[in-house]
Amino acid sequence: MSAKSIRLPRKRTGSPKLGPAVRRLRLPARADLARSLPVSLFRASHPRQATLTALFVAVGAAIAGRPASQVLLVLATVLTGQVILGWHNDLVDVQRDRRHGFPGKPVAQGVIDHGTVWFALTIAVLLVVPLSVANGVVAGATHLFILGIAMVANSGLLRRTRFSFVPWMVAFALWPAFLSYGGAQGTEGGDAPSILLTVLAALLGLGVHVLASLPGLVADNADGIRHFPLQLALRTGAPRLLLIAGVWTGLLGVGILITGATLGVAR
């Protein structure tokens, strides 16, 4: 055999191609992770507002003298309910969020479809009902009533009018009742909530409503919506309203915790 008939394999240049098994071992890119189902559901749940509300009510339960197990139950109950409200809000507002291009809205951006969110919401509802009742029958009914008010408000009742604060104040006014009727005495009906705490909680709901509405004021104004926070902002200016609402909400939050610790949640 001559030397010319022997051909040595050529050395390939560049990076070798990876087989399917190796390609499957690659970690997902950051963009893919952000668009994954768990992360998308988390982003659509309004996690900041849900967490703050759940922690605040749980701290109230702890101040009321509940044992750790009941404080955790309150935390789980309220957090589940707030996640439901966040998903429901994004489903109701999907067209508006899409029209204005709001960031952090996976449903409006098409990252996650409506059916998936509705399915997750349904599962959460099936979970929040027994969680609520576990706090006591009256307390559980109170919590479910709070969720009902909020979902009706999400759907548009009074939301676009100067009376948009009413559902917020009513829903927040019921949180002391959820705490006073719950706990170990929940099966016996519990006690009526403190009138002072109920009033303070209602006023806190007003402040939270204003703060929650501030990021969307420009879009609301463009859509011709004239709810209560927008009417205030047109008179005071958004920066000043942010300061006023922040101080208002902070002082009321501290006042509620002090009142609950000194005078108790129930009458």
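All figures in this text were calculated on a predicted structure; none of them were measured in a lab.
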**Message:** I'd like to know if Met151 and Val83 are part of one continuous hydrophobic network [Ile/Leu/Val/Met/Phe/Trp/Tyr, side-chain heavy atoms within less than 4.5 Å].
**Reply:** yes
**Request:** Answer yes or no: is there a side-chain heavy-atom contact under 4.5 Å between Arg66 and Leu73?
**Result:** no
**Item:** Nearest atoms (heavy-atom pairs only) where Gln49 meets Ala212
**Value:** OE1-CB, 4.3 Å
**Request:** For residues Pro193 and Tyr181, determine if any side-chain heavy atom of one lies less than 4.5 Å from a side-chain heavy atom of the other.
**Result:** yes
**Message:** For the CH2 atom of Trp168 and the CG atom of Leu203, what is their distance to the nearest 0.5 Å?
**Reply:** 15.0 Å
**Asked** What residue among His227, Arg159, His209 forms side-chain hydrogen bond (donor to acceptor under 3.5 Å, both in side chains) with Ser164?
**Response** His209
**Prompt:** Same hydrophobic cluster for Leu217 and Phe163, using side-chain heavy-atom links shorter than 4.5 Å among ILVMFWY?
**Reply:** yes
**Asked** Is the backbone of Thr161 close enough, under 3.5 Å, to the side chain of Arg226 for a donor and an acceptor to pair up by distance?
**Response** no
**Prompt:** From Leu179 CG over to Leu174 CG, what is the distance, rounded to the nearest 0.5 angstrom?
**Reply:** 11.5 Å
**Message:** Would you say that Phe56 contacts Leu257 through its side chain, given a criterion of any heavy-atom pair below 4.5 Å between the two side chains?
**Reply:** yes
**Request:** Using a strict cut-off of less than 4.0 Å between a Lys/Arg side-chain nitrogen and an Asp/Glu carboxylate oxygen, indicate whether Lys105 and Asp93 qualify as a salt bridge.
**Result:** no
**Asked** Does the side chain of His143 come under 3.5 Å of the side chain of Ser132 through a donor N or O and an acceptor N or O?
**Response** yes
**Asked** Out of curiosity, Thr236 OG1 to Leu241 CG, how far, rounded to the nearest 0.5 Å?
**Response** 4.5 Å
**Item:** Heavy atoms of other groups near Arg240 CZ, more than 12 under 6.0 Å
**Value:** no
**Request:** Give a yes or no on this: more than 12 heavy atoms of other residues, nucleotides or ligands lie within 6.0 Å of atom CZ of Phe145.
**Result:** no
**Exceeds 12 heavy-atom contacts within 6.0 angstrom, atom CZ of Arg99** = yes
**Message:** Test of understanding: clusters of I, L, V, M, F, W, Y form through side-chain heavy atoms closer than 4.5 Å, transitively. Do Val94 and Ile225 belong to the same one?
**Reply:** no
**Asked** Quick one: are Asp113 and Val117 in side-chain contact, heavy atoms under 4.5 Å?
**Response** no
**Message:** Suppose we call two aromatic rings close when their centres sit under 6.0 Å apart. Are Trp175 and Phe178 close by that rule?
**Reply:** yes
**Phe119 and Thr116, any side-chain heavy atoms less than 4.5 Å apart** = no
**Message:** Can a donor-acceptor pair be found, under 3.5 Å and without considering hydrogens, that links the side chain of Trp87 to the backbone of Trp118?
**Reply:** no
**Item:** Side-chain touch Asp191/Arg267, heavy atoms, less than 4.5 angstrom
**Value:** no
**Complete:** Rounding to 0.5 Å, atoms OG1 (Thr249) and CG (Leu211) come to a distance of 4.0 Å
**Asked** Hey, is CZ on Phe42 packed in by over 12 heavy atoms from elsewhere, all under 6.0 Å?
**Response** no
